[in-house]
Amino acid sequence: MKLATWNVNSLKVRLPQVLDWLASVQPDVLCLQELKQEDKAFPEAELAAAGYTSAFSGQKTYNGVAILSRQPITDVQIGIPGFADEQKRLIAATVNDVRIICGYFPNGQAVGSEKFAYKMSWLAALTEWLTVELARYPRLALLGDYNIAPEDRDAHADWKEEIHVSAPERAAFAALLDTGLQDAFRLFDQPEKSFSWWDYRMLAFRRNFGLRIDHILLTPTLAADCRSCQVDKSPRALERPSDHAPVVAEIAA
DNA sequence: ATGGCGCATGGAATGCGA
(Lines give C-alpha, C1' and ligand atoms only; values in the text may rest on other atoms or scores of the structure.)
Protein backbone atom coordinates (compact mmCIF):
# COMPACT_ATOMS: atom_id res chain seq x y z
CA MET A 1 0.00 0.00 0.00
CA LYS A 2 1.44 3.31 -1.11
CA LEU A 3 0.57 6.36 1.03
CA ALA A 4 1.43 9.90 -0.01
CA THR A 5 1.01 13.52 1.03
CA TRP A 6 1.33 16.68 -1.04
CA ASN A 7 0.65 20.33 -0.30
CA VAL A 8 -0.42 21.47 -3.77
CA ASN A 9 -0.84 25.21 -3.06
CA SER A 10 -4.12 25.55 -4.99
CA LEU A 11 -5.71 22.41 -6.40
CA LYS A 12 -7.25 24.50 -9.17
CA VAL A 13 -3.83 25.43 -10.49
CA ARG A 14 -2.17 22.10 -9.76
CA LEU A 15 -4.87 19.63 -10.89
CA PRO A 16 -3.06 18.71 -14.13
CA GLN A 17 0.11 17.97 -12.17
CA VAL A 18 -1.82 15.95 -9.59
CA LEU A 19 -3.46 13.85 -12.33
CA ASP A 20 -0.10 13.26 -14.03
CA TRP A 21 1.50 12.34 -10.73
CA LEU A 22 -1.29 9.92 -9.79
CA ALA A 23 -0.95 8.22 -13.16
CA SER A 24 2.80 7.80 -12.88
CA VAL A 25 3.20 6.99 -9.15
CA GLN A 26 -0.16 5.28 -8.61
CA PRO A 27 -0.40 5.76 -4.84
CA ASP A 28 -3.24 3.98 -3.05
CA VAL A 29 -3.88 7.06 -0.93
CA LEU A 30 -2.93 10.69 -1.56
CA CYS A 31 -3.50 13.34 1.09
CA LEU A 32 -3.72 16.89 -0.27
CA GLN A 33 -3.36 20.20 1.55
CA GLU A 34 -3.99 23.82 0.62
CA LEU A 35 -6.78 23.16 -1.83
CA LYS A 36 -7.71 26.85 -1.61
CA GLN A 37 -11.14 26.19 -3.03
CA GLU A 38 -14.67 25.59 -1.85
CA ASP A 39 -16.16 22.10 -1.89
CA LYS A 40 -18.45 22.93 -4.82
CA ALA A 41 -15.34 23.49 -6.97
CA PHE A 42 -13.60 20.26 -5.94
CA PRO A 43 -12.69 18.23 -9.07
CA GLU A 44 -14.39 15.06 -7.88
CA ALA A 45 -15.33 13.86 -11.38
CA GLU A 46 -11.85 14.34 -12.87
CA LEU A 47 -10.29 12.40 -9.99
CA ALA A 48 -12.92 9.67 -10.24
CA ALA A 49 -12.12 9.33 -13.93
CA ALA A 50 -8.51 8.81 -12.87
CA GLY A 51 -9.61 6.01 -10.53
CA TYR A 52 -9.71 7.90 -7.22
CA THR A 53 -12.56 8.50 -4.83
CA SER A 54 -12.30 11.62 -2.69
CA ALA A 55 -13.17 12.92 0.73
CA PHE A 56 -12.58 16.63 1.09
CA SER A 57 -13.05 19.68 3.26
CA GLY A 58 -12.38 22.94 1.49
CA GLN A 59 -12.87 26.64 1.95
CA LYS A 60 -12.39 29.80 -0.04
CA THR A 61 -8.86 31.21 -0.49
CA TYR A 62 -7.07 29.36 2.32
CA ASN A 63 -6.47 25.89 3.72
CA GLY A 64 -8.54 22.92 2.57
CA VAL A 65 -7.63 19.22 2.79
CA ALA A 66 -8.57 16.05 0.92
CA ILE A 67 -7.99 12.31 0.94
CA LEU A 68 -7.89 10.54 -2.44
CA SER A 69 -8.04 6.76 -2.55
CA ARG A 70 -8.19 3.96 -5.07
CA GLN A 71 -10.12 1.86 -2.56
CA PRO A 72 -13.38 2.83 -0.88
CA ILE A 73 -13.23 5.51 1.81
CA THR A 74 -15.31 5.11 4.97
CA ASP A 75 -15.90 6.87 8.29
CA VAL A 76 -14.93 10.34 7.12
CA GLN A 77 -14.36 12.88 9.85
CA ILE A 78 -13.69 16.57 9.39
CA GLY A 79 -11.81 18.65 11.93
CA ILE A 80 -10.45 17.79 15.37
CA PRO A 81 -13.34 16.78 17.66
CA GLY A 82 -13.84 19.26 20.46
CA PHE A 83 -11.60 21.86 18.83
CA ALA A 84 -13.72 24.62 17.32
CA ASP A 85 -11.94 25.82 14.19
CA GLU A 86 -13.22 27.67 11.15
CA GLN A 87 -10.07 26.76 9.23
CA LYS A 88 -10.35 23.54 7.25
CA ARG A 89 -7.15 21.80 8.21
CA LEU A 90 -7.96 18.20 9.05
CA ILE A 91 -9.78 15.28 7.52
CA ALA A 92 -9.67 11.64 8.59
CA ALA A 93 -11.01 8.49 7.00
CA THR A 94 -10.53 4.74 6.87
CA VAL A 95 -9.17 2.94 3.81
CA ASN A 96 -9.17 -0.84 4.17
CA ASP A 97 -8.01 -1.27 7.76
CA VAL A 98 -5.84 1.83 7.85
CA ARG A 99 -6.96 5.02 9.53
CA ILE A 100 -5.72 7.96 7.49
CA ILE A 101 -5.43 11.43 9.00
CA CYS A 102 -4.59 14.28 6.64
CA GLY A 103 -3.53 17.55 8.28
CA TYR A 104 -2.54 21.00 7.16
CA PHE A 105 -0.89 22.22 10.34
CA PRO A 106 -0.95 25.98 10.96
CA ASN A 107 2.04 27.94 9.71
CA GLY A 108 2.44 30.08 12.81
CA GLN A 109 3.94 33.05 10.93
CA ALA A 110 6.31 34.19 13.69
CA VAL A 111 7.24 32.82 17.10
CA GLY A 112 5.22 34.64 19.73
CA SER A 113 2.54 35.92 17.35
CA GLU A 114 -1.19 35.26 17.64
CA LYS A 115 -0.91 32.80 14.79
CA PHE A 116 1.86 31.03 16.65
CA ALA A 117 -0.40 30.65 19.68
CA TYR A 118 -3.06 29.19 17.38
CA LYS A 119 -0.51 26.77 15.94
CA MET A 120 0.46 25.56 19.39
CA SER A 121 -3.15 25.15 20.53
CA TRP A 122 -3.96 23.27 17.31
CA LEU A 123 -1.01 20.94 17.93
CA ALA A 124 -2.07 20.35 21.52
CA ALA A 125 -5.63 19.52 20.48
CA LEU A 126 -4.38 17.18 17.76
CA THR A 127 -2.09 15.31 20.13
CA GLU A 128 -4.75 14.94 22.81
CA TRP A 129 -7.28 13.63 20.29
CA LEU A 130 -4.67 11.28 18.79
CA THR A 131 -4.22 9.44 22.07
CA VAL A 132 -7.89 8.46 21.79
CA GLU A 133 -7.64 7.54 18.10
CA LEU A 134 -4.52 5.43 18.62
CA ALA A 135 -6.41 3.26 21.09
CA ARG A 136 -9.08 2.70 18.44
CA TYR A 137 -6.86 2.26 15.39
CA PRO A 138 -3.64 0.24 15.71
CA ARG A 139 -2.97 0.89 12.01
CA LEU A 140 -3.00 4.67 11.72
CA ALA A 141 -1.05 7.10 9.54
CA LEU A 142 -0.82 10.86 10.13
CA LEU A 143 0.17 12.57 6.90
CA GLY A 144 0.45 16.17 5.92
CA ASP A 145 2.15 19.53 5.95
CA TYR A 146 3.24 19.81 9.59
CA ASN A 147 5.00 23.15 9.13
CA ILE A 148 7.65 21.86 11.54
CA ALA A 149 11.21 20.84 10.69
CA PRO A 150 11.80 18.34 13.50
CA GLU A 151 15.61 18.43 13.67
CA ASP A 152 18.50 20.64 12.60
CA ARG A 153 19.23 18.35 9.66
CA ASP A 154 15.70 19.09 8.38
CA ALA A 155 16.57 22.72 7.65
CA HIS A 156 19.15 24.01 5.18
CA ALA A 157 20.33 26.77 7.52
CA ASP A 158 21.22 26.60 11.18
CA TRP A 159 18.17 28.38 12.55
CA LYS A 160 17.30 28.22 16.20
CA GLU A 161 14.18 30.05 17.28
CA GLU A 162 12.72 30.85 13.88
CA ILE A 163 9.27 29.69 12.88
CA HIS A 164 9.18 25.98 11.87
CA VAL A 165 12.26 25.12 13.93
CA SER A 166 11.61 26.75 17.32
CA ALA A 167 11.88 24.75 20.52
CA PRO A 168 8.13 24.80 21.28
CA GLU A 169 7.30 23.53 17.78
CA ARG A 170 9.90 20.79 17.99
CA ALA A 171 8.61 19.85 21.42
CA ALA A 172 5.12 19.53 19.94
CA PHE A 173 6.49 17.26 17.21
CA ALA A 174 8.28 15.21 19.87
CA ALA A 175 4.99 14.92 21.73
CA LEU A 176 3.47 13.36 18.62
CA LEU A 177 6.31 10.82 18.60
CA ASP A 178 5.73 10.24 22.32
CA THR A 179 2.30 8.84 21.45
CA GLY A 180 4.15 6.01 19.73
CA LEU A 181 4.04 7.34 16.18
CA GLN A 182 7.21 6.99 14.12
CA ASP A 183 8.60 9.27 11.40
CA ALA A 184 8.51 7.02 8.33
CA PHE A 185 11.21 9.06 6.60
CA ARG A 186 13.71 8.38 9.37
CA LEU A 187 13.14 4.64 9.32
CA PHE A 188 15.54 4.59 6.37
CA ASP A 189 18.89 6.00 5.30
CA GLN A 190 18.28 9.24 3.43
CA PRO A 191 20.35 11.62 1.34
CA GLU A 192 21.78 14.53 3.29
CA LYS A 193 19.85 17.76 2.96
CA SER A 194 16.56 16.07 2.16
CA PHE A 195 13.74 18.60 2.14
CA SER A 196 10.08 18.74 1.10
CA TRP A 197 9.59 22.50 0.68
CA TRP A 198 11.60 25.20 -1.06
CA ASP A 199 10.81 28.92 -1.20
CA TYR A 200 9.67 30.19 -4.59
CA ARG A 201 12.17 33.03 -4.27
CA MET A 202 15.93 33.23 -4.48
CA LEU A 203 16.28 30.15 -6.69
CA ALA A 204 15.80 28.20 -3.48
CA PHE A 205 14.99 24.89 -5.16
CA ARG A 206 17.99 24.99 -7.45
CA ARG A 207 20.21 25.83 -4.47
CA ASN A 208 18.40 23.29 -2.26
CA PHE A 209 17.54 25.92 0.34
CA GLY A 210 14.67 24.00 1.85
CA LEU A 211 12.93 22.53 4.86
CA ARG A 212 11.58 19.06 5.59
CA ILE A 213 8.16 19.94 6.93
CA ASP A 214 5.89 17.41 5.20
CA HIS A 215 5.76 14.15 7.11
CA ILE A 216 4.25 10.70 7.35
CA LEU A 217 3.96 9.38 10.88
CA LEU A 218 3.02 5.73 11.40
CA THR A 219 1.88 3.59 14.30
CA PRO A 220 4.34 0.81 15.23
CA THR A 221 2.37 -1.87 13.37
CA LEU A 222 2.45 0.16 10.16
CA ALA A 223 6.06 1.22 10.70
CA ALA A 224 7.06 -2.44 11.00
CA ASP A 225 5.59 -3.02 7.54
CA CYS A 226 7.00 0.16 6.00
CA ARG A 227 9.37 -0.65 3.13
CA SER A 228 10.39 2.80 1.96
CA CYS A 229 9.74 6.51 2.44
CA GLN A 230 10.96 9.18 0.05
CA VAL A 231 10.47 12.73 -1.07
CA ASP A 232 9.61 12.88 -4.77
CA LYS A 233 11.34 16.06 -5.87
CA SER A 234 10.37 15.71 -9.52
CA PRO A 235 7.12 17.76 -9.44
CA ARG A 236 8.99 20.65 -7.81
CA ALA A 237 11.07 20.97 -11.00
CA LEU A 238 8.04 21.37 -13.29
CA GLU A 239 6.71 24.64 -14.69
CA ARG A 240 4.43 26.38 -12.17
CA PRO A 241 5.18 23.93 -9.35
CA SER A 242 3.79 23.82 -5.86
CA ASP A 243 6.46 24.94 -3.41
CA HIS A 244 6.06 21.54 -1.70
CA ALA A 245 7.06 18.13 -3.05
CA PRO A 246 5.12 14.91 -2.38
CA VAL A 247 6.29 12.45 0.26
CA VAL A 248 5.56 8.75 -0.34
CA ALA A 249 5.68 5.77 2.01
CA GLU A 250 5.27 2.18 0.93
CA ILE A 251 3.66 -0.27 3.34
CA ALA A 252 3.92 -4.01 2.67
CA ALA A 253 0.53 -5.51 1.93
C1' DA B 1 19.08 34.15 3.20
C1' DT B 2 13.53 38.17 4.11
C1' DG B 3 13.57 39.83 -0.42
C1' DG B 4 13.33 39.44 -5.09
C1' DC B 5 7.71 34.36 -5.72
C1' DG B 6 3.11 32.55 -6.34
C1' DC B 7 -1.80 32.29 -5.25
C1' DA B 8 -6.38 34.37 -4.24
C1' DT B 9 -9.27 38.19 -4.37
C1' DG B 10 -11.08 41.21 -7.53
C1' DG B 11 -10.18 43.80 -11.24
C1' DA B 12 -5.04 47.24 -8.07
C1' DA B 13 -2.89 46.39 -4.24
C1' DT B 14 -2.77 43.50 -0.35
C1' DG B 15 -2.64 39.34 2.73
C1' DC B 16 -0.59 35.25 3.28
C1' DG B 17 2.39 31.31 2.89
C1' DA B 18 6.98 29.14 4.92
Side-chain angles (χ1 to χ4, degrees), chain A residues 5-18 21 31-43 56-66 85-90 102-123 126 143-173 185 192-216 231 233 235-247:
Chain A
T5 180
W6 192 6
N7 178 325
V8 289
N9 185 20
S10 168
L11 184 56
K12 180 184 175 185
V13 172
R14 231 65 67 191
L15 181 61
Q17 292 185 16
V18 170
W21 192 80
C31 294
L32 298 175
Q33 301 88 37
E34 286 210 83
L35 308 179
K36 295 188 173 182
Q37 62 182 6
E38 294 176 287
D39 286 347
K40 63 186 178 189
F42 189 89
F56 47 89
S57 174
Q59 69 182 88
K60 196 175 179 180
T61 311
Y62 301 115
N63 309 312
V65 285
D85 192 356
E86 292 184 0
Q87 304 187 31
K88 304 302 187 187
R89 295 183 174 275
L90 188 132
C102 168
Y104 174 46
F105 295 39
N107 175 302
Q109 199 166 54
V111 177
S113 66
E114 256 182 52
K115 287 177 180 172
F116 186 78
Y118 165 68
K119 179 177 195 170
M120 298 312 296
S121 65
W122 195 94
L123 282 159
L126 173 69
L143 307 92
D145 175 2
Y146 286 57
N147 273 315
I148 300 173
E151 302 177 59
D152 286 348
R153 60 180 167 164
D154 299 315
H156 82 273
D158 187 26
W159 288 310
K160 287 304 171 199
E161 292 310 316
E162 302 296 323
I163 194 70
H164 303 121
V165 306
S166 73
E169 290 165 272
R170 286 181 169 176
F173 189 89
F185 192 76
E192 283 190 27
K193 302 183 187 301
S194 286
F195 306 124
S196 66
W197 170 87
W198 301 261
D199 200 305
Y200 283 120
R201 298 165 292 185
M202 299 163 290
L203 305 174
F205 181 63
R206 196 185 305 179
R207 299 155 81 184
N208 199 29
F209 288 176
L211 298 171
R212 192 176 72 92
I213 53 177
D214 300 270
H215 307 297
I216 299 176
V231 178
K233 289 172 72 170
R236 186 62 178 79
L238 298 171
E239 297 276 331
R240 276 191 103 182
S242 167
D243 42 0
H244 294 253
V247 182

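Scope of the values below: all heavy atoms of this structure, side chains included, with no hydrogens, waters or symmetry mates. Predicted model, so just to flag it, every value in this text is computed and none were measured. In what follows, every chain begins at residue 1, and chains take the letters A, B, ... in the order their sequences are listed.
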- Given atom CD of A:Glu34 and atom P of B:dG17, what is their separation to the nearest angstrom? 8 Å
- Task: Give one of base, sugar-phosphate or nothing for A:Trp159, where a contact means two heavy atoms less than 4.0 Å apart.
- Result: base
- Between B:dC16 (C1') and A:Asn107 (CG): distance, integer Å: 8 Å
- Query: For A:Met202 and B:dA18, what is the distance between atoms CE and P respectively, to the nearest whole Å?
  - Reply: 14 Å
- Message: Just confirming the chi classification of B:dG4, syn or anti, using 90° around 0 as the syn window.
- Response: syn
- Between A:Arg14 and A:Ile163, the residue closer to the 5' end of DNA chain B by nearest nucleotide is A:Arg14
- Pick base, sugar-phosphate or nothing for A:Lys115, based on heavy-atom distances below 4.0 Å to the nucleic acid. sugar-phosphate
- Query: With rounding to whole Å, what would you report as the distance between B:dG4 and B:dG17 at their C1' atoms?
  - Reply: 16 Å
- Query: Within the pair A:Arg240 and B:dC7, is there a side-chain N or O less than 4.0 Å away from OP1 or OP2?
  - Reply: yes
- Residues A:Gln17 and A:Ser242: closest non-hydrogen pair is OE1-N, 4.4 Å
- Query: Distance-only, no hydrogens or angles: does the A:Arg153 side chain make a donor-acceptor pair with backbone N or O of A:Glu192 under 3.5 Å?
  - Reply: no
- Message: Taking any heavy-atom pair under 4.0 Å as a contact, classify A:Arg207: base, sugar-phosphate, or nothing.
- Response: nothing
- Using whole Å, report how far CG of A:Leu211 lies from C1' of B:dA1. 12 Å
- Message: OP1 or OP2 of B:dA18 versus the side-chain N and O atoms of A:Tyr104: is any pair under 4.0 Å?
- Response: yes
- Query: Cationic tip of A:Arg89 within the cone over A:Tyr104's six-membered ring, i.e. under 6.0 Å and within 45° of the normal?
  - Reply: yes
- Rounded C1' spacing from B:dG10 to B:dG15 in Å: 13 Å
- Message: When the C1' atoms of B:dC16 and B:dG3 are compared, how many Å lie between them, rounded to an integer?
- Response: 15 Å
- Item | Contact nearer the 5' end of DNA chain B, comparing A:Gln109 with A:Leu35 | A:Leu35
- Task: May I ask you to say what A:Asn7 touches in the nucleic acid, namely base, sugar-phosphate or nothing, with a heavy-atom cut-off under 4.0 Å?
- Result: sugar-phosphate
- Query: Can you find a donor-acceptor N/O pair under 3.5 angstrom joining the side chain of A:His156 to the base of B:dA1?
  - Reply: yes
- Message: I'd like the P distance from B:dA13 over to B:dT2, given in whole Å.
- Response: 27 Å
- Query: A:Ile148 has an atom CD1; how far is it from atom P of B:dG17, in whole Å?
  - Reply: 15 Å
- Rounded to whole Å, CG of A:Asp145 lies from P of B:dC16 at a distance of 18 Å
- Message: Just by distance, no angles: are the side chains of A:Asp214 and A:Trp197 close enough, under 3.5 Å, to form a donor-acceptor pair?
- Response: no
- Query: Is any side-chain N or O of A:Asn147 closer than 4.0 Å to OP1 or OP2 of B:dA18?
  - Reply: yes
- Message: Expressed as a whole number of angstroms, how long is the span from A:Asn9:CG to B:dT9:P?
- Response: 12 Å
- Can you list the steps and then say if A:Lys233 with A:Phe205 is a side chain to side chain contact (heavy atoms under 4.5 Å, CB included)? CA-CA 10 Å; A:Lys233 289 172 72 170; A:Phe205 181 63; 3.8 Å; yes
- When you check the phosphate oxygens OP1 and OP2 of B:dA8, does a side-chain N or O of A:Ser10 lie under 4.0 Å from one of them? yes
- Message: Between B:dA8 and B:dA18, how many Å separate the two P atoms, rounded to a whole number?
- Response: 14 Å
- Item | Separation of B:dA8 C1' from A:Asp243 CG (nearest whole Å) | 14 Å
- Query: Salt bridge between A:Lys119 and A:Glu169, side-chain N to carboxylate O under 4.0 Å?
  - Reply: yes
- Nearest-nucleotide pick for A:Asp199, side chain only, options being B:dG3, B:dA1, B:dT9: B:dA1
